Amino acid sequence: MRPVIMEEVEALRGLNSVKIKEAHEEGKKVVGMYCMFSPSEIAIAADAIPVSLCGTTQAPIEDAEKELPRNLCPLIKSSYGFAITDKCPYFFFSDVLLAETTCDGKKKMYELMGKIKPMHLMNLPQTSEGDDALESWHKEMIKFKIYLEEVFGIEITDEKLRDAIKLMNRERSAMKRLHKLNAHKPAPLSGMDMMLAQWLKGFNVDKEYGISLIEKLIEELEERIEKGIYAFDENAPRILLTGCPIGAGSEKVLKALEDAGASVVALENCTGYKPLDVVVDEDAEKDPLLALAEKYLSTPCSCMTPNNGRFDLIKRLAEEYDVDGVVDLTWVACHTYAIESFSLKKLVQEELGLPFIQIETDYSDSDTGQVKTRVEAFLETIEVSLATV
Amino acid sequence: MHYIGIDIGSTAAKVSVFEEERLVTNFNMPTGWSSIEASRIILEKLEELKVSKEEARIIATGYGRVSVPYADKTLTEITCHGKGAYYLLGKDCTVIDIGGQDTKIITVENDRVTDFTMNDKCAAGTGRFLELMANSLAINLPELAELSLKGEEISITSMCTVFAESEVISLMGKGTPREDIARGVINSITGRVSTMLYKHGVKGTIYLTGGLCEISPFIELLSEKLDKEVITNPLGRYAGSIGAALMGQ
Ligand code: SF4
Ligand code: SF4
């Protein structure tokens, strides 16, 4: 049975697209962002609404392929497709876009997208290690702040930045607490609902409302744990899902896993736990932009080299959530995650001693049968081993 | 009590029947256009064999497993192939199964599947590819394998089945000897399998299952390519159905 509050959480989808329109009509500014490296605090401090524009549905891909190569990550194609077809209200109402130099595909796509709307590009270092990287990322934070001040004709004070940091930290902690509830055995919330709740935060126009909703959900789930009501029965294999970001419309692997009887208890990806792990330093003495640079640079994304942080995080989550297997989802043509999968497999199988599978797919349903077979076979290997211990 | 394994693949349906612990019979037939139809015919055959489905436990596997309405349980072909291979070989192994639609590498340790790899959604490196190429040369699969033993090393560069087919046709047009083309076709499959295998990692004996295990020239060339001995068994093509039946016990 699904928690009652999930209905309200899900309703955020419709609600937010109306709210973004109203906000726009009231003259509020909107900053469209694409990635977990985007410092939404700076947009909030500029009194604007940050929204996440990263494409998670198949629908606009056909249009995108008129200009982009077919053999490209579906996330990039979907994002671009939304931009050129006016099918996404959030893109439509965005006053400016924020892009980062992450993977090659995204980087080059932004060059085309930048012709549609005003865009600011942040130059991301290729490593998160060392002072040079932090220094340059700090400078990028300053540049983005100046950019917003100029386009919106406002001043972003340190005080406003600190308030925004506190607000976003509160959102992060609420989301983190929600995520951690699934460390309970059995998990109280399905992976599908967890994904939805975390993903929807990216569209939240009214942050306070969103936070209170998540807190209500946490309360309901805590009551459920007490009463012994769970999302799956206690024998359901517990899965950690990692890899490329997913969202509504691109949840097919997550769904296939849960349809086959698994309980996806931890989502390590960008639309799950990854951005919640580290909060921004709230120290009043510290330059808030430096604090932001530190936090965002610590994102363990495969665009970084080396990217040991991801392996450390997976190790930690696998233990904390007591998982029975790890599934690595890579979108077709996502080279960075696909290459990392080889090392990840070694880590999971040899160091953690857990079953591992990499599933490469796209947003289409052309391989639904194959994905289903892989997922089911993977769960069978787990179930057989669970049965023999 | 009978334990029956039914493996409905994309080209052939395989059935294995155990009477208690003893494997009593195996039979196979083309899947045809409908797996539902195939599963109906299988039921008739079982009745002819005096095996009643009421006093049997039936496990279905393979891509058509959902079309066996009388099955007690369904399992994926990966679990069943692994189980069946272990039964036939009696020890830890790395199974290569070149199926009609997918090629799988399966690690079996202590009678259970611990890891597997499956090709992506295109047909390159699968049995379907071999069949199509044999068709373009107007021969059947065993003939293709036989012919390739006499061929010189050439390579078919296209991985995509559609392009490879036109490549084969143009090689024929240029007058390249058929045995060389056949060798090229086999090489492209063994090459693909060998990269999959390398990435997956080998534990124990390499064991080939599925329809190709009856074609000895193929096994010879595969062993050569892998530089390791590939073992098989006359019952290898029934690994999936045998494994399914065993999973029911
Ligand atoms: S995976 Fe990397 S590039 Fe993609 S959204 Fe996350 S941080 Fe950004
Ligand atoms: S999923 Fe991979 S290829 Fe796609 S945008 Fe993210 S990092 Fe780039």
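Each chain gets a letter, A, B and so on, in the order the sequences are listed, and its residues count up from 1. Owing to the predicted nature of the structure, the values given are computational and were not obtained by experimental measurement.
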Query raised in the report: Can you say whether H81(B) sits under 4.5 Å from chain A via the side chain, the backbone, both, or neither, judging by heavy atoms?
Result: neither

Query raised in the report: Considering only heavy atoms, which portion of K104(B) lies under 4.5 Å from any heavy atom of chain A: side chain, backbone, both, or neither?
Result: neither

Requested in this report: Would you indicate whether the side-chain heavy atoms of T373(A) and M118(B) approach each other to under 4.5 Å?
Outcome: yes

Query raised in the report: At a heavy-atom separation under 4.5 Å, does L75(B) approach chain A through its side chain, its backbone, both, or neither?
Result: both

Report task. Verify the neighbour count for atom NZ of K228(B): are there more than 12 heavy atoms of other residues, nucleotides or ligands below 6.0 Å? Result -> no

**Report entry** More than 12 heavy atoms of other groups within 6.0 Å of N71(A) CG
**Finding:** no

Query raised in the report: With a cut-off of 6.0 Å (strictly less than), are more than 12 heavy atoms of other residues, nucleotides or ligands near CD of E234(A)?
Result: no

Query - Heavy-atom neighbours of E20(B) CD exceed 12 at 6.0 Å - result: yes

Report summary line: Turns out that what part of F342(A) lies under 4.5 Å from chain B's heavy atoms comes down to side chain

**Report entry** chain B contact via Q349(A) - which portion, at a heavy-atom distance below 4.5 Å
**Finding:** side chain

Query raised in the report: Do other residues, nucleotides or ligands put more than 12 heavy atoms under 6.0 Å from E67(A) CD?
Result: yes

Report task. Side-chain contact test, heavy atoms from C-beta onward, threshold under 4.5 Å: evaluate it for K345(A) versus H200(B) and give yes or no. Result -> yes

Query - Enclosure of I36(B) CD1 (heavy-atom neighbours >12, cutoff 6.0 Å) - result: no

Query raised in the report: Under 3.5 Å, side chain of E380(A) to main-chain N/O of T76(B), donor-acceptor pair present?
Result: yes

Query raised in the report: To the nearest 0.5 Å, how far apart are OG1 in T381(A) and CZ in R112(B)?
Result: 8.0 Å

Query raised in the report: Non-hydrogen atoms of chain B under 4.5 Å away: do they reach the side chain of I357(A), the backbone, both or neither?
Result: side chain

Requested in this report: Working to the nearest 0.5 Å, report the span between OG1 of T79(B) and CG of L379(A).
Outcome: 9.5 Å

